[in-house]
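Numbers here are sequence positions counted from 1. For ligands, and for the atoms within them, numbers begin at 1 and follow the listed sequence.
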Amino acid sequence: MVVILKNNPDEAQLQSLIHWLETKNIQVTQSLGESNHILGLIGDTSRIDMDLIGALDIVESVRRIQEPYKKANRKFHPDDTVITVKGTTIGNGELALIAGPGAVENDEQMLQIAQAVKAAGATILRGGAFIGRSSPYSFQGLGKEGLDALVKAGIATGMPVISEIMRISQLDYFKDVDIIQVGARNMKNFDLLKELGKSDKPILLKRGLSATYEELLMSAEYVMSQGNTNVILCERGIRTFETYTTNTFDISTIPVLKSLSHLPVVADPCHASGRAALVAPLAAASVAAGADGLMIEVHPDPTHALSDAKQQISPAAFADLAETLKTIRNTVKPQ
Ligand code: PEP
Ligand code: MN
């Protein structure tokens with residue numbers, strides 16, 4: 001971090017700033033120029049509040065040279081993080097295929113889809129039980145009952161399960177859920193992230209609708225700062241001026257996050273596009289770009305799905321897609 005001071009800074013204030021930084025284990029070097037006075041901060045500056053320093057009378061501006069995220073940063077952890085749940089791994093060069101309905105609708109539906117996606121090569125079963133919808137009048141999910149149906153289907157088919165948590169008070173319901181998903185709208189729910197940081201379950205963190213890469217990584221840092229380093233990042237499209245698709249799928253996210261961070265990166269082409277016809281091409285592009293996995297919404301009768309009907313694909317379409325994706329992965333190995 002570099003601190004640029006105003007001309008003729010007050011010496012007492014300067015010494016007090018340097019002293020304060022030293023108490024935080026930051027080494028300070030000073031460079032005195034003709035017209036400017038610069039402090040170089042060396043050490044772990046991830047815990048230093050830039051805004052606090054920037055607000056001081058003697059300070060002109062503050063710049064970070066290093067990223068503010070440390071635990072999620074590849075610089076400090078060069079090896080890829082590999083997450084293992086119930087014998088399934090995410091981030092080891094194989095392709096994790098997370099599949100299942102947008103929302104759990106009932107026991108039979110859940111079991112039927114679980115069997116179909118498992119046969120097609122899915123490695124993790126998804127199903128929304130607490131689902132955040134844009135309208136309060138849309139189906140809100142079956143809640144605890146939905147999680148029970150998901151867990152049962154996971155056990156019956158031997159797949160770990162993933163579902164979205166909306167608030168901290170739901171955590172008890174998730175004791176048999178293997179991976180906890182944080183939705184795009186909760187990416188900045190820092191209290192929830194901190195609480196999940198104390199859990200021993202992997203967390204799949206979705207990118208917020210208008211979140212930058214750094215903001216997503218800072219949210220991962222919130223979880224990791226509490227001890228839980230098993231975080232999976234998920235690109236699910238961002239809000240742009242385009243209205244043809246629900247969101248705009250940002251393919252750059254995959255190689256960028258893989259270079260900035262050691263955490264596994266998965267893509268969700270269903271929420272990114274909102275259109276079933278775009279799921280296969282976007283999924284293919286994600287694998288070619290180096291994604292560690294995909295999250296695909298699969299429904300036996302997509303047009304009658306209780307949620308997100310337009311973006312879910314049939315089990316048969318998923319089976320075809322899974323084959324294509326495996327071929328792409330075998331051709332384009334992740335960097
Ligand atoms: C979901 O996965 O069902 C979901 C609601 O996704 P997102 O948070 O990305 O909108
Ligand atoms: Mn959905």
Side-chain angles (χ1 to χ4, degrees), residues 90 96-105 109-110 113 117 122 124-136 138-143 146-147 149-150 161-167 170 174 177-189 192-193 196 202-211 213 215-216 219-220 223 231-240 245-250 253-254 257 265-276 278-279 282-283 286 291 293-314 318:
I90 306 160
L97 286 180
I98 308 170
V104 180
E105 295 174 11
Q109 169 238 36
M110 205 50 244
I113 298 178
V117 296
I124 300 167
L125 184 64
R126 77 151 270 155
F130 299 99
I131 49 177
R133 307 298 304 282
S134 302
S135 166
S138 303
F139 176 57
Q140 303 285 306
L142 296 181
L147 284 185
L150 174 70
V161 298
I162 177 170
S163 200
E164 178 176 348
I165 193 167
M166 305 278 284
R167 46 191 152 81
Q170 293 163 347
F174 281 73
V177 172
D178 304 290
I179 305 175
I180 302 179
Q181 177 174 326
V182 175
R185 289 152 195 85
N186 263 322
M187 191 209 84
K188 288 207 178 185
N189 184 340
L192 177 62
L193 298 176
L196 294 175
I203 308 299
L204 182 137
L205 180 61
K206 290 191 137 191
R207 182 183 184 186
L209 276 71
S210 61
Y213 301 143
E215 286 169 329
L216 174 58
S219 288
V223 177
V231 179
I232 303 153
L233 304 169
C234 180
E235 164 62 31
R236 46 79 69 208
I238 49 170
R239 178 63 64 89
T240 68
T245 46
T246 316
N247 294 291
T248 296
F249 185 48
D250 179 10
T253 306
I254 300 162
L257 290 180
V265 180
V266 307
D268 172 347
C270 298
H271 288 88
S273 65
R275 287 177 177 257
L278 295 180
V279 172
L282 298 187
S286 305
L294 282 153
M295 179 182 271
I296 313 268
E297 289 190 336
V298 181
H299 194 282
D301 182 9
T303 50
H304 292 102
L306 294 184
S307 78
D308 294 339
K310 289 199 178 113
Q311 69 189 37
Q312 309 206 44
I313 63 171
S314 69
F318 175 72

[Y] and [X], any side-chain heavy atoms less than 4.5 Å apart:
X: S210; Y: I238; answer: no
X: E297; Y: H271; answer: yes
X: L204; Y: K206; answer: yes
X: V182; Y: I203; answer: yes

Which atoms of ligand 1 have any heavy atom of [X] under 4.0 Å away?
X: E297; result: 3 (O)
X: K206; result: 1 (C), 2 (O), 4 (C), 6 (O), 7 (P), 8 (O), 9 (O)
X: R126; result: 1 (C), 2 (O), 3 (O)
X: H271; result: 1 (C), 2 (O), 3 (O), 4 (C), 5 (C), 6 (O), 10 (O)
X: G183; result: 8 (O)

Option whose closest heavy atom lies nearest to atom 9 (O) of ligand 1, chosen from R207, R236, M295, M187: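 Nearest option to atom 9 (O) of ligand 1, by heavy atoms: R236.
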Closest candidate by heavy atom, reference atom 5 (C) of ligand 1, pool E235, R133, E164: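 Result: the heavy atom closest to atom 5 (C) of ligand 1 is in E164.
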The Mn ion (ligand 2) to nearest N/O/S of H271 less than 2.8 Å: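 Here the distance criterion (N, O or S atom, under 2.8 Å) is met by H271, so yes.
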Heteroatom proximity flag, D268 to ligand 1, N/O under 3.5 Å: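 No, D268 has no N/O under 3.5 Å of an N/O on ligand 1.
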Audit row: R126, V298, side-chain contact (heavy atoms from CB on, under 4.5 Å) steps and yes/no: CA-CA 9 Å; R126 77 151 270 155; V298 181; over 6 Å; no
Residue, atom name and distance, where the atom is the protein heavy atom closest to atom 8 (O) of ligand 1: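 For atom 8 (O) of ligand 1, the nearest protein heavy atom is A184 N, 2.8 Å.
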Under 3.5 Å donor-acceptor, S163 side chain and G127 backbone: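 Here the side-chain-to-backbone pair exists.
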Test item: Y213 side-chain N/O and L257 main-chain N/O as donor-acceptor pair under 3.5 Å: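 Not a single qualifying donor-acceptor pair exists.
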Name of whichever N/O/S atom of E297 is nearest to the Mn ion (ligand 2):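 Result: OE2.
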Of the N, O or S atoms in D308, the one nearest the Mn ion (ligand 2):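 Output for this pair reads OD2.
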CZ/R167: more than 12 non-hydrogen atoms of other groups inside 6.0 Å: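 12 or below, so no.
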Residue-ligand contact Q181/ligand 1, heavy atom below 4.0 Å: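 Yes, Q181 has a heavy atom closer than 4.0 Å to ligand 1.
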Residues I165, V177; criterion side-chain contact (heavy atoms from CB on, under 4.5 Å); working and verdict: CA-CA 10 Å; I165 193 167; V177 172; over 6 Å; no
